[in-house]
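Quick notes on the structure that follows.
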Amino acid sequence: MSFVKVVVDAGKPLPLGATLRGEGVNFAVFSRHATSVTLILYESAAQDSPKVEVPLNKRENRTGDIWHCFIHGIKAGACYLYRVDGPYIPEKGLRFNHHKALIDPYAKALTDLGGWNFKKNTGFDPDSKSKDLSYSYTDNSAYQPRCIIINNDDFDWHGDTPLNYPLRTSVIYETHVKSLTAHNSSSVRFPGTYRGVIEKIPYLKDLGITGVEFLPIQEFNENEFPRRNPRNGKMLTNYWGYSTVAFFAPKSSYSSNRTPGGQVNEFKEMVRELHKAGIEVILDIVLNHSAEGNEQGPTFSFRGLDNPIYYMLDENKRYYKNYSGCGNTLNCNNPIVRTFIIDCLRYWVMEMHVDGFRFDLGSILGRDQNGSLMENPPTLERIAEDPILSATKIIAEAWDAGGAYQVGWFPGGRWAEWNDRYRDNIRKYWRGDPMETRFLATRLSGSSDLYLRDGRKPFHSINFVASHDGFTMIDLVSYNIKHNEDNGEENRDGNDNNLSCNYGYEGHSLLPDIKIKREQHLKNFFATLMVSLGTPMILGGDEFARTQMGNNNAYCQDNEISWYDWSFPEKNAGLYRFVKEMIAFRLRHPGLMRPEFYTGRDGNYNAIPDISWFDENGITVDWEETGFCLAMRIEGCKAETLADRDDNDFYIMFNAGAENQAFTLAEAPGKKTWFCAADTSKKSPNDILPAGEEKLLSSQKTYPVKARSMAILISKDARYG
């Protein structure tokens with residue numbers, strides 16, 4: 001096409017965004033309160049690319065609140081932005097400024113954000129004493145990242161579709177795309193990228209996880225924080241990415257393919273290859289706020305398109321409600337924003353083939369337009385009931401920064417939840433806190449106190465001991481206090497209540513006794529996680545003791561603090577082997593992945609309850625008198641009730657005390673015999689034994705459980721081993 005004369009037709013109001021059709025592109029964008037909309041077209045992503053501005057006619061190019069047009073001759077690779085004009089009355093929530101070029105909320109890819117300066121995007125004059133009540137006449141279009149037109153049909157999926165494993169058979173691995181391979185020890189050709197992830201698929205497959213949960217990969221601006229590391233003076237970055245700029249666009253800097261729009265195909269390649277290896281893709285998605293911040297923040301998309309529609313505003317509409325802790329809150333239960341959210345999720349499932357989402361600060365999606373928590377939030381119900389998303393995993397972080405805490409009663413139907421009570425109770429128990437045994441039992445049995453009452457299942461509890469937000473697992477047993485000095489906030493940021501213990505030495509230690517205790521503690525965490533009802537999630541790198549050197553809030557650390565050192569799997573080979581075998585143990589035993597809660601009643605199988613609790617003396621537990629020891633016997637599942645195969649019975653013993661303890665064993669059901677499958681007190685490779693190599697106990701009456709350790713027994717017919 002010629003950028004001297006553009007052929008413009010009326011176009012269609014749906015779908016929103018830029019859509020290739022025949023010999024051109026249909027553009028559609030929402031703005032209810034705008035008085036005019038102008039489309040800015042660029043021939044390419046090049047900085048000096050020719051451009052043309054196309055004013056949209058209210059009569060021909062507007063249907064209801066949708067502004068639209070069809071441009072002939074446009075192809076994939078061309079770029080665009082919008083100018084939107086209307087009232088600038090901050091006290092009424094209206095912040096239109098046609099001098100600010102805007103990103104389409106439905107943009108499928110953006111040009112490089114590497115040098116983007118938010119300060120140049122404020123709709124007000126930053127030098128004015130009136131601040132956001134003033135008005136900026138500075139045109140930002142020359143340095144604003146552009147939306148790239150994408151052809152989503154130009155990719156060979158090789159027949160791929162989302163895997164959609166049942167949650168109860170899943171083991172989730174939480175990781176950051178860049179952290180996984182950015183370190184120079186990663187030995188990949190494309191470090192820190194989607195292709196780097198592809199190169200690590202053999203490792204992920206060997207570990208045995210069923211899905212990866214990526215920290216945010218929707219486009220964000222790394223240069224958002226104007227702050228330096230006080231130790232070395234280097235600029236800090238928005239590394240985790242919980243501040244989204246474009247919700248449909250995969251992050252371009254995570255792509256080794258630097259051609260405009262190449263990040264879309266490279267992300268698809270990563271998903272396709274992970275699926276070929278049998279590994280699901282779950283995205284951590286931030287639909288609670290945007291990177292535009294509060295009234296002092298930049299104007300680059302929602303704010304300039306229709307501020308009072310997209311955001312929750314205070315009674316004085318100059319200001320923003322801030323349930324996210326990040327300056328603004330998306331108006332998630334406004335019908336327009338609700339449609340945007342559903343369109344976004346559908347896009348990632350239909351076009352990008354992802355298997356699920358973890359919703360950051362998910363409680364915000366249950367707040368009404370005034371910020372109040374709703375009993376039946378339409379957005380959460382719509383996500384749960386949407387026919388396109390019916391097999392998609394939906395996982396909530398069931399709280400927000402505004403004080404909402406909904407773990408166990410997150411509304412909307414089939415939602416799973418990050419279970420932070422599991423995290424805290426398991427940490428407390430293995431730290432040796434008193435009176436924690438009863439809570440250990442509750443978490444081991446699927447947190448029925450949280451999920452049974454509303455009809456959900458054990459697998460709706462996402463069980464974890466460590467996540468990206470907090471200490472890594474090795475740091476949990478190496479530090480008593482956080483060490484976030486590199487974050488430039490004088491160590492004020494991050495949680496002070498880590499429920500950690502350092503075994504008498506703060507930080508890394510070469511003392512053999514301390515190293516043994518710490519590794520045993522880690523094995524206790526992993527073994528507990530894998531025998532608990534619920535869906536286990538492990539933090540990437542914990543399987544080989546990745547450390548962040550005591551930093552429990554590494555959100556701004558794009559360096560060795562966050563990157564995976566790939567010499568560690570060899571240095572900590574025994575721990576890695578234990579975790580790998582423990583994952584395999586869980587996945588070959590359907591009794592540990594049962595879809596229903598234990599009942600404590602006779603299951604008509606060897607005439608024993610499906611679960612029984614004992615103290616160290618083999619006596620039924622008195623929950624008012626518990627110490628540090630606990631044993632549970634789990635009935636093996638019958639083939640007709642689960643996974644079409646029988647399972648062993650289990651006798652699992654826990655000792656968080658400082659003294660060794662001989663446990664009296666309950667009799668193995670069905671005239672079978674107890675074999676030891678795992679004992680965290682033993683050295684590798686005897687700490688866990690592969691299938692078929694479990695060790696027959698010399699005594700079927702007692703088993704010695706060392707201090708701060710656990711042991712897993714399974715029942716087998718001694719005649720056949």
Side-chain angles (χ1 to χ4, degrees), residues 31 33 81-84 86-105 107 110 113 115-141 143-145 216 218-227 235-238 240-247 286-314 316-332 337 340 360-361 364 371 400-402 489 555-556:
S31 184
H33 297 103
L81 292 166
Y82 286 104
R83 295 189 190 278
V84 180
Y88 188 84
I89 314 173
E91 300 93 327
K92 294 185 177 181
L94 300 170
R95 293 180 175 270
F96 293 102
N97 187 329
H98 70 275
H99 299 286
K100 305 302 172 185
L102 303 177
I103 293 168
D104 180 2
L110 298 185
L113 276 68
W116 192 20
N117 186 344
F118 269 172
K119 291 182 179 180
K120 295 181 180 180
N121 282 78
T122 56
F124 59 90
D125 180 358
D127 297 322
S128 169
K129 293 181 180 180
S130 301
K131 293 297 181 182
D132 66 297
L133 295 179
S134 65
Y135 185 81
S136 171
Y137 294 89
T138 302
D139 190 311
N140 72 335
S141 60
Y143 43 78
Q144 176 81 326
Q218 287 79 19
E219 192 66 80
F220 62 91
N221 180 17
E222 301 100 313
N223 305 310
E224 186 176 358
F225 305 135
R227 197 164 62 248
M235 288 299 299
L236 298 171
T237 68
N238 174 8
W240 284 353
Y242 287 93
S243 193
T244 310
V245 168
F247 290 84
V286 192
L287 288 164
N288 58 75
H289 74 283
S290 83
E292 288 185 306
N294 64 14
E295 66 278 359
Q296 302 296 326
T299 294
F300 59 77
S301 187
F302 293 134
R303 198 194 312 275
L305 283 163
D306 216 317
N307 187 57
I309 295 292
Y310 284 108
Y311 294 118
M312 290 186 197
L313 304 179
D314 279 340
N316 179 348
K317 296 185 183 300
R318 174 185 176 185
Y319 302 108
Y320 295 79
K321 293 185 182 293
N322 185 18
Y323 298 106
S324 68
C326 299
N328 66 52
T329 307
L330 285 178
N331 198 5
C332 297
V337 184
F340 169 80
D360 178 65
L361 299 181
I364 284 176
D400 64 26
E489 298 185 57
Y555 72 100
C556 56

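In what follows, residues are counted from 1 in the order of the sequence shown.
Side-chain contact between Y143 and N117: absent, with no pair of heavy atoms (C-beta onward) separated by less than 4.5 Å. Within the 4.5 Å cutoff, no side-chain heavy atoms of T122 are placed close to those of Q296. Proximity of P308 to L94: side-chain heavy atoms (C-beta onward) are separated by under 4.5 Å at one or more points. Taking 4.5 Å as the limit, some side-chain heavy atom of D139 sits within range of a side-chain heavy atom of R83. At least one side-chain heavy atom of R318 sits under 4.5 Å from a side-chain heavy atom of L133. Between P105 and F302 there is a side-chain heavy-atom pair separated by less than 4.5 Å. The shortest side-chain heavy-atom distance between S324 and I364 falls under the 4.5 Å cut-off.
In summary, the side chains of T244 and Q218 do not present any donor paired with an acceptor at a separation below 3.5 Å, with no hydrogens or angles considered. Using modelled atom types, one finds a donor on one side chain and an acceptor on the other under 3.5 Å when comparing E292 with Y311. A side-chain donor from one of D360 and N288 sits under 3.5 Å from a side-chain acceptor of the other. A side-chain N or O of W116 and one of Q144 form a donor-acceptor pair less than 3.5 Å apart. Side chain to side chain, D306 and H33 meet the donor-acceptor criterion of an N or O pair below 3.5 Å.
Atom CZ of R95 sits about 11.5 Å away from atom CD1 of I89, to the nearest 0.5 Å. From N121, atom CG reaches atom CG of N221 across 9.0 Å, with rounding to the nearest 0.5 Å. Atom CG of L102 sits about 8.5 Å away from atom CG of N97, to the nearest 0.5 Å. The NE2 atom of H289 sits 8.5 Å away from atom CG of L330, with the distance rounded to the nearest 0.5 Å. Y242 OH to L361 CG: the interatomic distance, rounded to the nearest 0.5 Å, is 9.0 Å. The OG atom of S136 sits 9.5 Å away from atom CG of D127, with the distance rounded to the nearest 0.5 Å.
V245 and A291 make their closest contact through CG2-CB, 4.0 Å (heavy atoms, listed as atom of the first residue, atom of the second, distance). Nearest heavy-atom pair across C556 and F225 is CB-CD1, 4.5 Å. When all heavy atoms are compared, the tightest approach of G325 to A401 is N-CB, 3.6 Å. For F96 against S31, the heavy-atom pair with the smallest separation is CE2-OG, 3.8 Å. Between P216 and G241, the closest heavy-atom pair is CB-O, 3.4 Å. Nearest heavy atoms, L81 versus A101: CD1-CB, 3.7 Å.
For K100 (side chain) and T138 (main-chain N/O), a donor-acceptor pair under 3.5 Å exists by modelled atom type. Looking only at distances, no side-chain donor or acceptor of N294 sits under 3.5 Å from a matching main-chain atom of Y320. Side chain of T329 to backbone of K321: a donor-acceptor contact under 3.5 angstrom is found. Distance alone, capped at 3.5 Å, places no donor-acceptor pair between the E295 side chain and the D132 backbone. Without hydrogens or angle criteria, D314 side chain to N316 main chain gives no donor-acceptor distance under 3.5 Å.
For H98, the side chain to side chain contact (heavy atoms under 4.5 Å, CB included) test picks out D85, Y135, with sequence neighbours left out. Partners of K317 according to the salt bridge (Lys or Arg N to Asp or Glu O under 4.0 Å) rule, which considers only residues two or more places apart in sequence or in another chain, do not exist here.
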From CA spacing to verdict: side-chain contact (heavy atoms from CB on, under 4.5 Å), N328, S290: CA-CA 7 Å; N328 66 52; S290 83; 3.6 Å; yes
V337/Y310 under side-chain contact (heavy atoms from CB on, under 4.5 Å): CA gap, chis, key distance, verdict: CA-CA 6 Å; V337 184; Y310 284 108; 3.9 Å; yes
Worked check of side-chain contact (heavy atoms from CB on, under 4.5 Å) between W240 and F220: CA-CA 9 Å; W240 284 353; F220 62 91; over 6 Å; no
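Between F118 and F300, the ring planes are parallel. Angles under 30° get that label, and only those over 60° would be called perpendicular.
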